[in-house]
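Quick note: numbers below take in every heavy atom, side chains included, and nothing from hydrogens, waters or symmetry partners. Given the structure is predicted, the values throughout are model-derived calculations rather than measurements. In this chain, numbering begins with 1 at the start of the sequence shown.
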Amino acid sequence: MLTSAMIKQAALAAGADMCGIGSMDRFGEGCPDDMNPKFLFPEAKSVIGFVFRIPRGVQRGIEEGTQFYQYPSMAYGGINEIFAPSVLYTVGKMIENNGYEAMVYRNTGARGSVSDMDGAPGNTLSPEEQIEANERESSKTGHHRSVQFTRATRDENVAPDLQFHFRLAAVACGLGEMGWSKMFLTKEFGPLQRVAFIFTDAELEPDPLYSGEPLCRRCMACVRECPGGCISDKESITVYVGDKKCEWGAIDEWKCYAFYTHGGRYYNPFVPKSVFDENKNGDLDILEKGVKAEEQGITRLYGALEQYFPSWVGYNMAKCGGCIRACVSMLEKKGGCMEDRFKAPLRKGKPWKLDR
């Protein structure tokens, strides 16, 4: 008989740092159909969440302004492409060896009919407009966070390859809770982890939703240290997973995306100061505080900074991480889920900033 204990033991043995199990009924009526994992595998009864820690040391180079590709290569590429899939494969085999189906779901974005940035529907260009856009883009795909022309395969279903909310799914597995910055927090690792999932028709004993001491201190360090001013300290988004309230600060997702990949004038040592000073055609406007970002602005930004944009590992180069590092620093110094984990704190002085 397949049990939750067997799955957790297999997950940890395969390399996951944590494993939690939730029941599918925790994805309630408020979940939009286009982001509801129930449509991936309607017969699924359980969702299994796997946590993979991000070594704090990959943040060190960004914290010091000395090394930028270890975070996207190890924390993004390494987990998404290597570590997590191997665990999913191993645990999935064990589940199927016991007669149940294992639908594995590794971390992947921009695959559904709605944007994984803001939930907006996919591109609505007419065929003629799209042809013109493709010609302008030459051999490159247009910059979108959704699959533009995907359609449901039958009337009662949704468009395939939907992108569900990974962090809320992790909450549903009892692994932690949402922080104000919209980062998922665990008691063991704070904001330093990534997650992956298996959906199965095995009816497993679910873990309780996290109900311990609040993991987020609501200190607003993430708001203060976001270089783009992307996180509100007043407006919030609230949803429920089961009966657990999940709340985070309202975020300008596109602006956050812009700063994560490009950092802005004071946090991107790869772009000459003169480029920011000139700001040709206003293409860098969305990197200014107070300017609302949108997808078209991102496209112009990428075009303007593409030649300065190192992406040697196949992932966008991290040049920000402000909210994560602020969260880690505060949880370590002021008390929280990361207190006493390390012999020395992540932050040993003031955060660096380019003098320009």
In a table with atom names and distances, give each donor-acceptor pair under 3.5 Å that connects a side chain of residues 347-356 to protein atoms at least two apart or in another chain.
{"from": "Arg347", "atom 1": "NE", "to": "Glu63", "atom 2": "OE2", "distance (Å)": "2.8"}
{"from": "Arg347", "atom 1": "NH1", "to": "Glu225", "atom 2": "OE1", "distance (Å)": "2.8"}
{"from": "Arg347", "atom 1": "NH1", "to": "Glu225", "atom 2": "OE2", "distance (Å)": "2.9"}
{"from": "Arg347", "atom 1": "NH2", "to": "Glu63", "atom 2": "OE1", "distance (Å)": "3.1"}
{"from": "Arg347", "atom 1": "NH2", "to": "Glu225", "atom 2": "OE1", "distance (Å)": "3.4"}
{"from": "Trp352", "atom 1": "NE1", "to": "Ile62", "atom 2": "O", "distance (Å)": "2.7"}
{"from": "Arg356", "atom 1": "NE", "to": "Arg265", "atom 2": "O", "distance (Å)": "2.7"}
{"from": "Arg356", "atom 1": "NH1", "to": "Val271", "atom 2": "O", "distance (Å)": "2.9"}
{"from": "Arg356", "atom 1": "NH2", "to": "Arg265", "atom 2": "O", "distance (Å)": "3.0"}
{"from": "Arg356", "atom 1": "NH2", "to": "Asn268", "atom 2": "O", "distance (Å)": "2.6"}
{"from": "Arg356", "atom 1": "NH2", "to": "Val271", "atom 2": "O", "distance (Å)": "3.1"}

Does CD in Gln9 sit with more than 12 non-hydrogen atoms of other residues, nucleotides or ligands closer than 6.0 Å?
no

Would you check if [X] and [Y] make a side-chain contact, meaning some heavy-atom pair closer than 4.5 Å?
| X | Y | value |
| --- | --- | --- |
| Met18 | Phe50 | no |
| Glu81 | Arg106 | yes |
| Leu305 | Thr261 | no |
| Lys244 | Glu177 | yes |
| Cys216 | Trp248 | no |
| Leu2 | Ile7 | yes |
| Leu204 | Ile48 | yes |
| Lys45 | Phe199 | no |

Consider only side-chain heavy atoms of I, L, V, M, F, W and Y, link residues closer than 4.5 Å, and tell whether [X] and [Y] are in one cluster.
| X | Y | result |
| --- | --- | --- |
| Leu168 | Tyr210 | no |
| Leu40 | Met35 | no |
| Leu175 | Leu88 | no |
| Val195 | Leu162 | yes |
| Ile198 | Ile79 | yes |

Judged by atom type as modelled, is there a donor-acceptor pair below 3.5 Å linking the side chain of [X] to the main-chain atoms of [Y]?
| X | Y | value |
| --- | --- | --- |
| Asp34 | Gly112 | no |
| Glu288 | Val291 | no |
| Thr90 | Val87 | no |
| Ser236 | Glu247 | no |
| Trp180 | Ser232 | yes |
| Gln59 | Tyr71 | no |
| Asn36 | Pro32 | no |
| Asn279 | Asp283 | yes |
| Lys255 | Gly229 | no |
| Ser329 | Ala326 | no |

Gap separating the CZ atom of Phe189 from the SG atom of Cys337, nearest 0.5 angstrom
10.5 Å

Between [X] and [Y], is the ring centre distance below 6.0 Å?
| X | Y | answer |
| --- | --- | --- |
| His262 | Tyr302 | yes |
| Phe164 | Tyr105 | yes |
| Phe166 | Phe184 | no |

Derivation of the salt bridge (charged side-chain N to carboxylate O under 4.0 Å, His left out) call for Lys182 and Glu253
CA-CA 10 Å; Lys182 202 179 176 182; Glu253 286 93 352; 3.5 Å; yes

Residue pairs involving [range] (criterion side-chain hydrogen bond (donor to acceptor under 3.5 Å, both in side chains); sequence neighbours excluded):
| range | answer |
| --- | --- |
| residues 14-27 | Asp17-Arg53, Ser23-Asp25 |
| residues 165-174 | none |
| residues 195-209 | Lys8-Asp207 |

Quiz question: by atom type and distance under 3.5 Å, do the side chains of Asn281 and Arg300 form a donor-acceptor pair?
no

Which atoms form the tightest heavy-atom contact between Leu215 and Leu331, and what is the distance?
O-CD2, 3.7 Å

Quick check: closest heavy atoms across Pro191 and Met338, and the distance to 0.1 Å?
CD-SD, 4.0 Å

Which residues pass the salt bridge (charged side-chain N to carboxylate O under 4.0 Å, His left out) test with Lys38, sequence neighbours left out?
none

With clusters built from Ile, Leu, Val, Met, Phe, Trp and Tyr whose side-chain heavy atoms come within less than 4.5 Å, directly or transitively, what are the remaining members of the cluster of Tyr89, listed by chain and number?
none

Audit row: Glu278, Lys280, salt bridge (charged side-chain N to carboxylate O under 4.0 Å, His left out) steps and yes/no:
CA-CA 5 Å; Glu278 182 181 6; Lys280 190 175 181 180; 5.4 Å; no

Going by an N to O cut-off under 4.0 Å, is there a salt bridge joining Glu339 and Lys333?
no

